[in-house]
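Residue numbers begin at 1 in each chain, while the letters A, B, ... track the order of the sequences.
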Amino acid sequence: MEVRLTVNGRERGAEIDPRAALLDLLRDQFGLTGAKRGCERGECGACTVLVDGRPTLSCLMLAVASGGRSVTTIEGLAEGDRLHPLQQAFIDHDALQCGFCTPGQILAAVACLAAGRANTDDEVREWMSGNLCRCAAYPQIVAAVRAVAAAR
Amino acid sequence: MTIGAPLPRQDAAVKVTGAAQYVGDLEVPGALEGVFVVSAVAAGRIRSIDRADALTVPGVVSIFGPGQLGVTGPIEHWAAGQASMPMTDAEIRYEGQPVALVLATTGIAAREAAARLVVTIDPLPHQSSFAASLDLGIEIKDWAPTSTAVGSVADGLAAAEVTITARYRTADRHHVALEPSAVVARWVDGGIDLWTSTQWVFGVRAAMAQMFSLPPDKVRVRSGYVGGGFGAKGSTWPHEFLAVAASRAVAAPVRIVLPRSQTFTLHGYQPATVQELTLGARNDGTLTAIRHESWNAASVADDYVEHGSLGSRTMYACPNIETRDRIVRLNRPQPTFMRAPHEGPGMVGLEIAMDELADRLDMDPVELRIRNYARHDPTSGKPFSSKALDQCYRLGAERFGWARRSPVPAAWGPGGVRIGMGMASALMSTFRFGASARVTLERDGSTLVETGAHEIGTGVRTILPQIAADALGLPIERVRVSLGDTTLPEAGGTFGSATTLSVGSAVRIAAVKLKERLETLAGEPGLEPREYAEVLALHRLERVSEEGTWAPTREEGAYAMNAYGAVFVEVAVAPHDPVPRVTRCVGAFSVGRIINPRTARSQVIGGMIWGLGQALLEDSRLDPALGRFVAKGFGSYQIPVNADVPAVDAIFADEFDPHASPIGARGVGEIGTIGVGAAVANAVFNATGVRVRDLPIRVESLLQP
């Protein structure tokens, strides 16, 4: 079956397997491998993308359900060579180690800021708790999100 | 000076933009996707495999059962995580053992076909319960002695005025790196071209060469970016061998990305331990005897010793120390090293016991440890290469505010909430390996460091260029690094907290040789970096390259080497909802010279959060009736999430270890995980008066009858 959606501002269409998750579509057909497959059941957050601006676990959303929607992945966050402030803040605060969870963390953080839920460290900790980091860069992630919130 | 500068990660930009490629991200034209079907029982024999339904799934190419991949087991090799090789016979030796491999053109098809495959197994009786089987414990030959004795513990106890004897337990725990292990295997031209998420490309190459009877130069192994390893990717595991065998069988590239559930059984885990500690001391706190016996759960098919008593051999000055480590063979998947092995579980026992002793003596726990401070290794008699643990006790206590601690348990806290403070020492023996590196300077001043180490999140991609830039006097921006490929100079595995000290030393040696070569070409010493290009141009050279090799020397073997730390923890426990919550955590560490304080700090803070997981959350329950790890995902195996993590602070002692490595470094990667578990338990005692000896600490541990 066919699905048409907007990915990182660009209209795209694909012939998909009806069993495919949005994550499969992004990774296997569009080559957008920034969204990671960490658990395949919505427990780790590594596949987080924005769907119509909302943080979404792309492993749990059927690709067909993304039809007509607008999806933002980590590859679409920077404007040209200019990093999104959160991407820069993750670098500045060393909020990553192995990097595997990082795309999901950053997109969850984008949503955290957009929702106005970065007013205290505890608020950020709570919001960001759906995104696991086994390297445990958690304090640095909180610092990065708070720094961007403070600059706004 | 670039060494010691808190430089940002060189790989940060590719990681925040999604450009960093992990093995599962590689585009591999024509690759078949592989999915294992695994045994749900702990022991048995495969009776039949019915493929009919699975073969109806469009896209399925092949389904292999036992004996059909052309591999025979076991594989006896130092780089293999386990000797026993699944898919070679019909025997089931542990739960989670692969019994079939489905290959399909898409992952979706392979997963569906795997789910439709009907495997019938006749179960056999099994023994899986560790708690019920300690009397089966045996000593085996291993890389370190499993028993040691110095002096006489019996004499030491006779001389003691106070003794403590108790049993301590740590749980089965899983690495659960966020990147599930992944492999892309190509059997080409009678050789192997392998991408695999490994911490040790040269180990994989050696094991593959033996398994497939190939010369090592017919095996190329690359790792790409590795999404966390923590030991699970340190050895070569069956899924990697079987992917290669499958590629050979179907003459196509084969990719296997383990589903999360299989990461719990297919590449090891940290086994549960039981530790029995006896301490004897005089009333002034002087230790007269330490006996530490440790048992760990192991597999029937393989050996793995969690050397739980290792730390007790060297931690405290004591004339009488006896230690023994035993394994208990059970129908379980094979355990393996996990950040931090040996002392990670082992120091839990010793350091809670020390807290019990301090309480009995009515003595400050820090003072007790300083009273027994080891100036040389008490078991081997060797001097320490360098040790700044005394600094750590002082710095950590000051930063934490240890002086405010009330020695009386359950003494204080607002609104009925009990606040407690606890501390523990941390120790991890220093592991070192030989390593080689090549440093190449181009005429335009750009410099490349090449070595077969790995980027797994530790910071090595930044640290190695720092070392080269420092030796050559170049700005860090001019130095790049290439890693994770067996065509590069050989390095050991990125594990054991050993990469910076070992590979970093090789890089330094190569860079110093390169500088000397340039000076020879110039005919003058003291060449300025801005003159490098001129020298190359004069000699019509586009580039100069030097290799450096470093290996531990016999002279250095005269020293005992350990990383150390002092960990301080504050907990809050509410009276009617006694879930212990850590509110503050400070660690001070003695790890030799710090090459990059920013990445080092992230390493030890991450490690301390691992310690919080050990203390409060991580507990993989094995159902003794089924012989099966119950948890197979993050929903049931809990690791710390952001909201679990309090204020965590880390500081480093100012230190240069002249014997551990030419760059003055020891190991940073794992020491942070050690000590936290005991410190939390000790803080809980201080908060509540309840002595907990089993980790993780559960709410039921603190519910008063």
field: Interchain contact, B/Glu179 with chain A, by part (heavy-atom threshold 4.5 Å)
entry: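 Both parts, backbone and side chain.
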- prompt: Which atoms of B/Val226 come close to chain A, meaning under 4.5 Å heavy atom to heavy atom: side chain ones, backbone ones, both, or neither?
  reply: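 The backbone, not the side chain.
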Indicate yes or no: at least one non-hydrogen side-chain atom of [X] is less than 4.5 angstrom from one of [Y].
| X | Y | answer |
| --- | --- | --- |
| A/Gln97 | B/Lys15 | no |
| B/Arg9 | A/Ile91 | no |
| A/Cys39 | B/Lys632 | no |
| B/Pro180 | A/Arg37 | no |
| A/Val142 | B/Asn642 | yes |
| B/Ile605 | A/Pro139 | yes |

For each of [options], tally heavy-atom pairs with chain A at distances under 4.5 Å, and name the one with the top tally.
| options | result |
| --- | --- |
| B/Pro8, B/Gly459, B/Pro640, B/Ala20 | B/Pro640 |
| B/Leu178, B/Ile609, B/Val648 | B/Leu178 |
| B/Arg461, B/Glu112, B/Glu27 | B/Glu112 |
| B/Gly229, B/Ser602, B/Gly227 | B/Ser602 |
| B/Gln603, B/Gln21, B/Glu455 | B/Gln603 |

Which of [range] have a heavy atom under 4.5 Å from any heavy atom of chain B?
| range | answer |
| --- | --- |
| residues 44-67 of chain A | A/Cys44, A/Ala46 |
| residues 3-29 of chain A | A/Asp17, A/Arg19, A/Ala20, A/Asp24, A/Arg27 |
| residues 123-130 of chain A | A/Arg125, A/Glu126, A/Met128, A/Ser129 |
| residues 76-88 of chain A | A/Leu83, A/Gln87 |

- prompt: Do side-chain atoms of B/Trp610 reach the backbone of A/Arg134 as a donor and acceptor pair under 3.5 angstrom?
  reply: yes
- request: Output yes when a side-chain donor or acceptor of A/Tyr138 lies under 3.5 Å from a complementary backbone atom of B/Ala643, and no otherwise.
  value: no
- prompt: Stepwise, does the salt bridge (charged side-chain N to carboxylate O under 4.0 Å, His left out) test hold for A/Asp94 with B/Arg601?
  reply: CA-CA 10 Å; A/Asp94 207 37; B/Arg601 185 169 187 279; over 6 Å; no
message: If we define contacts as heavy-atom pairs under 4.5 Å, which of A/Gly34, A/Ala35, A/Cys98, A/Ala136 has the most with chain B?
response: A/Cys98
- request: Under 4.5 Å heavy-atom distance to chain B, tell me which part of A/Ile141 shows up: side chain, backbone, both or neither.
  value: side chain
task: Report, as yes or no, whether the 6.0 Å neighbourhood of atom CZ on A/Arg117 holds more than 12 heavy atoms from other residues, nucleotides or ligands.
output: no
- prompt: Taking all atoms of both residues into account, what is the closest heavy-atom pair of B/Tyr22 and A/Phe100, and its distance?
  reply: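 Scanning both residues completely, I find the closest heavy atoms to be OH-N, 3.3 Å.
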task: Answer yes when A/Glu43 and B/Arg260 have at least one side-chain N-carboxylate O distance shorter than 4.0 Å, and no when they do not.
output: no
message: Walk me through whether B/Thr17 and A/Glu75 qualify under side chain to side chain donor-acceptor pair (under 3.5 Å).
response: CA-CA 6 Å; B/Thr17 54; A/Glu75 291 90 347; over 6 Å; no
